[in-house]
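The chains referred to below are lettered A, B, ... by the order of the sequence lines, with proteins before strands, and numbering in each begins at 1.
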Amino acid sequence: MEAIVDQPRVHYINKEYGVKSWLLTVDHKRIALLYLASVTLFFFLGGAFAVALRLELMTPQGDLMQAETYNRMFTMHGVVMVFFFLIPGIPAVLGNFLVPLMIGARDLAFPRLNLLSWYIYNVGAIFTLYAIISGGVDTGWTFYTPYSTTYSSSNVLLTGIGIFITGFSSILTGLNFIVTIHTMRAPGMTWFRLPLFIWSHYATSLIMILGTPVVAITVLLLALERIARVGIFDPALGGDPILFQHLFWFYSHPAVYIMVLPAMGVVSELIANFARKNIFGYKFVAFASMAIAVFGFLVWGHHMFTSSQSVYAGMIFSFLSFAVAIPSAVKVFNWTATLYKSSISYSTPLLYALGFIGLFTIGGMTGLFLAAAGLDIHVHDTYFVVAHFHYVMVGGTLMAYMGGLHYWWPKITGRMYPEGWAKFSALIIFVGFNLTFFPQFILGYQGMPRRYYAYPPEFQVLNVMSTAGASILGFGVLFPMVYFVWSMRYGKVPADNPWGAFGLEWQTSSPPPTENFKQTPVVTWEAYEFSPRDKMEILGLRGVEETKV
Amino acid sequence: MSEHIVSKKIYFLIFSALMVLTVLTVFVATLDLGRFNAIVALSIAVLKAMLVVLYFMHVRYSSKLTWAFVGAGFFWLAILFALTLSDYFSRPWLGQ
Amino acid sequence: MEDTHSVKGLAHHFDDMEQQREAGTLGMWAFLITEIMFFGGLFMAYILYRSKYPEAFSSASGHLNWRLGAANTVVLIVSSLTMALAVYYSQTGNKRLLITMLVLTMILGATFLVVKGFEYHTKWVDHLIPGFGFEWHLAGDPQKVQMFYFIYFAMTGIHALHMVVGLGIMAVILRMAMKDRFTQTYHSPVEISGLYWHFVDIVWIFLFPLLYLLGAHEGH
């Protein structure tokens, strides 16, 4: 499909030029790109720490770095990846770009707050980076007390301030999404016509605004305690370290769902489009997102089975943790059912989505092992846990993030990524990922504890496998980095709707104009309705068959 | 969701109620009621907060959505308190 | 769509005033939810340590000046009334009384902070600042008493910070009111800042009995 008009069309990227037009923009699409740049930077920084960890673990003895250095490395890997990549990743980049487009709005409800959130993110990032450069922090990303309040001599305070500040960027993003989804849907865009991506972002936003403030105040108390040396969390001073764990996990367990719910939203979009079918049981998948957001707040005690938490509370938390598996399973089953007897095209985004389903299922199922209080006592703080949450966060969130980036790349940049290279690197990532983390399940089950820089020689074979896998995974994520940049200049120019998709975001030009739509769209069709009737006339668009590449 | 103008009379009425309750809470605090001191003080505070939320903040005249938002805030606060305290209060049971 | 852009106070990405007002109000409520949870963490710590160390907390609380606390409660409730009336006069389009009420609200807010500052100063003189030469010779374990004061300063300090922010917001609203920015159809900034002001008042409604009146029946 060739472009009909010859002269370059004005869209959000070429409308204005210059640094100022980017740094002072209030356009949600430009802010999404700003976030993309920041988040990518932190992803590679976190990745660099991971490389250091895996290199050290290639041999049983500590030869590459000292124990203290290793402690700092895994802490900074966790802090950077969790707070600066995984949590903002999908919502702040893809969500920011797509939420207004998908619901037919001109922008988010509070465009200036949106820009402010990016600045807040960066201020927090600068504090954390400064903490890293000036020696780092060694408490683990969980900042457990009293080590973090009293004994650690590393940069706990600076890192804490960084996380405290960055939390507010997350709150602002969530607040913006909630208000936007409530008040700015296009005419006819009822709640049950919303793409599932929107449902999952709504659920995510709930967690962001309800959970983040609690971790903010917790980190603040930790910092105050470190400064004033008065016990709130240190038992030697009359405080209670378990209170810290309660408050910390009240946010940080739901934070896992901040990472994975948007990923699930992305996967729903990918599956529906590449199976060319409505998502099986749309309402169940939509409500499952909400259920995960609510249940996610009731399970945090399963991180504390081996602390002095009461066994009775442990039983309740264990039971509730099993309950949260139900909505997650509903999603996995419904995606699978959607694929059944559908017309599947195996493009790169779908490969990532399929990868997500498989890896998230493994991550989720091993989560059930850990939610069983009895078994958890055996595998607590071992590599089993490490493998479990990497299957959810990397196998889940990263896979969906990559899939989403590929799927919406033509929308974002107006260029197509190279399909062959993309498929190749998707495969590399999948293989590398499994080789890295599957051996860790076995290591953990055999009893190798996490967070040690040395280990008994009998664990070496599996550790070498894991390190080999990590290097493959590393190359796998470098490829897209290269060809995405390459495609921005040399990629094929696709049609406005290269996938023939029916979401509102595809019913405008690619890249979209600054105000997204020429006229406010009126929605008369259901979500993922792959045979809409009078839609084309309403939007004044060409037939969809024509626009397929 | 059209705008509802609350009359001045209601504002002054609520204000008087808040003042009376403030005096009451100070007065009750001077009596020794054992554990009921805390319960009475908290009940009065909750009542005062409700008056402010419903009338000064117009929630009584607002959409269901606003009710849901306010409700969600307090519901999640309750989750935080209840599940954390479920740990502390059930710890002694093991020894019995 | 083009026409609506000329409406006073309407941002480009909203369809009409109603949608903008709704978004603003909802946004403030969503923000207040985060505030509830933010203070919630502090209240959690308070509940736990008060039930763990009742004697020390009661004795420490008895040393706070409940008269000043009560006075500040009255000040804040009056300021909530003037704020509510400010919203009323913005709705009825009475610019003069709107400005009067905003100024009164700010004066009352500042009064609260002055009283609070005076209280803090007394604590400084009495060596009751946790971590900075804290001394305690009355009943109760000094370590636990210090924890009470730690929570007291964290809670009232963060509350006072919210008051300062509130005064800043009121200054902006006042300036907008004086520049004739509000009309009978466009005054949601007054309402939305009012929500914030009332919320800060509510926090104090809880802080006053929990911190000041805890030990009032045992002593004075």
Compare all side-chain heavy atoms of C/W197 with those of B/M57 and state whether any distance is below 4.5 angstrom.
no
Chain B interface, residue from C/G69, C/S80, C/P54 that has the most non-hydrogen pairs under 4.5 Å
C/S80
Looking only at heavy atoms, what is the nearest atom pair of B/A38 and C/R50, with distance?
CB-NH2, 3.5 Å
Scored by heavy-atom pairs under 4.5 Å with chain C, the best of B/L18, B/I5, B/L65 is B/I5
With rounding to the nearest 0.5 angstrom, report the CG to OG distance, C/L26 to B/S62.
10.5 Å
Closest non-hydrogen atom pair, B/K8 against C/Y89
NZ-OH, 3.2 Å
So CG of B/L77 and CE of C/M44: to nearest 0.5 Å the spacing works out to 10.0 Å
Answer yes or no: is there a side-chain heavy-atom contact under 4.5 Å between C/I47 and B/F81?
yes
When rounded to the nearest 0.5 Å, the distance separating CZ of B/F69 from CD1 of C/I33 is 5.5 Å
Most heavy-atom pairs under 4.5 Å with chain B, out of C/I36, C/T34, C/T92, belong to C/I36
Using 30° and 60° as the class boundaries, would you call the ring planes of C/H198 and B/F56 parallel, tilted or perpendicular?
tilted
Cut-off 4.5 Å, heavy atoms of chain B, and the answer for C/E35 is neither
Working to the nearest 0.5 Å, report the span between NZ of B/K48 and CD1 of C/I205.
5.0 Å
Given the options B/V46, B/I44, B/I14, which has more heavy-atom pairs under 4.5 Å with chain C than any of the others?
B/V46
For a side chain to side chain contact (heavy atoms under 4.5 Å, CB included) check, start with the C-alpha distance between C/W29 and B/V59, then their side-chain angles and the critical distance, and finish with the verdict.
CA-CA 10 Å; C/W29 274 111; B/V59 168; 3.3 Å; yes
For B/Y88, which atoms come within 4.5 Å of any heavy atom of chain C: side chain, backbone, both, or neither?
side chain
Shorter than 4.5 Å, heavy atoms on both sides: which option in C/G194, C/A84, C/P209 has the most such pairs with chain B?
C/A84
When the 4.5 angstrom heavy-atom criterion is applied to C/F38 and chain B, the contacting part is neither
Report yes if some heavy atom in the side chain of C/F208 is under 4.5 Å from a heavy atom in the side chain of B/T25; otherwise report no.
yes
Part of C/L81 within contact of chain B (heavy atom distance under 4.5 Å):
both
Relative to chain B, which segment of C/F39 carries a heavy atom at a distance below 4.5 Å: side chain, backbone, both, or neither?
neither
What's the spacing between C/T82 OG1 and B/Y11 OH if we round to 0.5 Å?
11.5 Å
I'd like to verify something: which residue of C/V203, C/L210, C/V78, C/V87 has the highest number of heavy-atom pairs under 4.5 Å with chain B?
C/V78
Answer yes or no: does atom CZ of B/R91 have more than 12 heavy-atom neighbours from other residues, nucleotides or ligands under 6.0 Å?
yes
Are the side chains of B/L42 and C/F206 in touch, meaning some heavy atoms are under 4.5 Å apart?
yes
Side chain, backbone, both or neither: which part of C/I77 has an atom under 4.5 Å from a heavy atom of chain B?
both
Is any side-chain heavy atom of B/H58 closer than 4.5 Å to a side-chain heavy atom of C/T25?
no
